[in-house]
Amino acid sequence: MREIKLEPSWKTHLQGEFDKEYMQVLCSFLMNEKAAGKTIYPEGSEYFRAMDLTPFEQVKVVILGQDPYHGPGQAHGLCFSVRPDVRIPPSLVNMYKELQSDLGIPPASHGCLEHWARQGVLLLNSVLTVEHKQAASHQKRGWEQFTDKVIAELNAKREGVVFILWGSYAQRKGQFIDRSKHLVLQAVHPSPLSAHRGFFGSRPFSQTNDYLVSKGEQPVDWQLPAV
């Protein structure tokens with residue numbers, strides 16, 4: 001990971017993390033996995049893609065995911081998002097259904113969410129890497145501590161951020177967010193296994209925009225352009 005370049009504003013807040021023991025252990029783990037011939041997603045240059053596209057001072061919204069997709073060509077550093085030519089995953093299909101119900105925006109023909117990221121929506125996975133076809137294989141290796149620091153910095157040094165926490169995992173990770181400074185929206189995960197238990201009808205997209213407007217911020221244009 002030595003060749004990884006972190007976006008400058010994030011580097012200001014996170015530089016100290018790279019000197020800590022947990023990060024050294026994580027770096028060694030990743031290098032050893034690659035040396036053993038294992039395929040890791042996303043590509044090394046995209047580990048921090050969410051932060052590259054959404055600088056610290058521009059973050060309006062945080063959508064918190066868990067792990068990258070573990071199939072070929074899917075993961076590109078943004079939670080829930082896939083490259084434009086990849087089949088839209090089931091959870092994202094459900095997000096599009098809720099978006100249509102909530103704001104009348106028809107589902108996009110692709111699953112690339114970079115348009116959201118460039119408007120200040122930090123699409124952050126808790127764990128930033130995964131082994132090919134091995135779901136959750138890089139959990140508890142150190143990434144969680146790093147992304148906790150990302151959330152903690154936003155919580156402490158920004159105001160009026162919308163944190164969208166879908167599912168129990170994301171909700172546990174966001175327990176320390178100051179509700180007096182930020183808006184926290186919680187619902188079950190958009191996975192087909194749970195979406196019908198309260199994700200559908202939760203209206204996260206309109207609630208986010210209403211809050212941003214109330215704070216004098218530009219609302220998010222949730223409609224994805226064609227690619």
Give a yes or no on whether the backbone of [Y] and the side-chain of [X] come within a donor-acceptor separation of less than 3.5 Å.
X    : Y    : answer
N155 : I151 : no
E144 : K140 : yes
Q171 : L165 : yes
E43  : S45  : no
N209 : P219 : no

From [X] atom [atom1] to [Y] atom [atom2], the distance as rounded to the nearest 0.5 Å:
X    : Y    : atom1 : atom2 : result
M51  : L123 : CE    : CG    : 12.0 Å
K97  : S101 : NZ    : OG    : 11.5 Å
L128 : R49  : CG    : CZ    : 14.0 Å
Q66  : S91  : CD    : OG    : 10.5 Å
D102 : S206 : CG    : OG    : 3.5 Å
T208 : E217 : OG1   : CD    : 12.5 Å

Any chance you could lay out the salt bridge (charged side-chain N to carboxylate O under 4.0 Å, His left out) test for R118 and E114, step after step, and finish with the verdict?
-> CA-CA 6 Å; R118 294 182 190 280; E114 287 191 1; 3.3 Å; yes
Specify the closest pair of heavy atoms between [X] and [Y], including all atoms of both residues, with the distance to one decimal.
X    : Y    : answer
V86  : Q74  : CG1-CG, 3.8 Å
S81  : L113 : OG-N, 2.9 Å
H115 : L224 : CB-CD2, 3.8 Å
H76  : C112 : CE1-SG, 3.9 Å
G174 : R179 : O-NH1, 3.3 Å
K20  : E17  : NZ-OE2, 2.9 Å

Would you say the side chain of [Y] lies within less than 4.5 Å of the side chain of [X], judging by non-hydrogen atoms?
X    : Y    : result
P190 : E98  : no
W116 : L53  : no
T147 : N125 : no
Q218 : K60  : yes
W10  : D52  : no
P107 : V93  : no
K173 : D148 : yes
T54  : V121 : no

Would you indicate whether E21, at its atom CD, is surrounded by more than 12 heavy atoms from other residues, nucleotides or ligands within a distance under 6.0 Å?
->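 No, CD of E21 has 12 or fewer neighbouring heavy atoms, counting only those of other groups under 6.0 Å.
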Please lay out, stage by stage, how E46 and Y41 fare under the test side chain to side chain donor-acceptor pair (under 3.5 Å).
-> CA-CA 9 Å; E46 294 179 327; Y41 302 129; over 6 Å; no
Indicate whether the side chain of Q139 and that of D67 have a donor and an acceptor atom separated by less than 3.5 Å.
->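 Per modelled atom types, Q139 and D67 side chains form a pair under 3.5 Å.
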Just by distance, with hydrogens left out, do S194 and R197 show a side-chain donor and acceptor under 3.5 Å apart?
->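 Result is no, nothing qualifies.
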Considering the options F80, W166, Y169, which one meets the ring pair (Phe, Tyr, Trp, His ring centres under 6.0 Å) requirement together with H189?
->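 In the set F80, W166, Y169, the residue that makes a ring pair (Phe, Tyr, Trp, His ring centres under 6.0 Å) with H189 is F80.
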Quick one: do V62 and V162 satisfy side chain to side chain contact (heavy atoms under 4.5 Å, CB included)? Show the steps, please.
-> CA-CA 6 Å; V62 179; V162 182; over 6 Å; no
Do F48 and F146 have ring centres separated by under 6.0 Å?
->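 Between F146 and F48, which both carry aromatic rings, the centre distance is below 6.0 Å.
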Could you please spell out the steps behind the side chain to side chain contact (heavy atoms under 4.5 Å, CB included) verdict for I40 and H132?
-> CA-CA 6 Å; I40 306 298; H132 171 71; over 6 Å; no
Stepwise side chain to side chain donor-acceptor pair (under 3.5 Å) test for W143 and S126 = CA-CA 7 Å; W143 280 127; S126 176; over 6 Å; no
Would a single hydrophobic cluster contain both [Y] and [X], if residues Ile, Leu, Val, Met, Phe, Trp and Tyr are joined by side-chain heavy-atom contacts under 4.5 Å?
X    : Y    : answer
M95  : F163 : no
L122 : V127 : yes
L26  : L124 : yes
V184 : Y211 : no
I177 : I164 : no

Applying side-chain contact (heavy atoms from CB on, under 4.5 Å), name anything that partners H13, two or more places apart in sequence or on another chain.
->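 Applying side-chain contact (heavy atoms from CB on, under 4.5 Å) to H13 gives F56, E153, K157.
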Salt bridge present between E159 and K181 (N-O < 4.0 angstrom) =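 Between K181 and E159 there is no salt bridge, as every charged N stays at least 4.0 Å from the carboxylate O atoms.
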Go through the steps to decide whether H70 and E131 satisfy the test side chain to side chain contact (heavy atoms under 4.5 Å, CB included), and finish with yes or no.
-> CA-CA 6 Å; H70 54 83; E131 182 183 344; over 6 Å; no
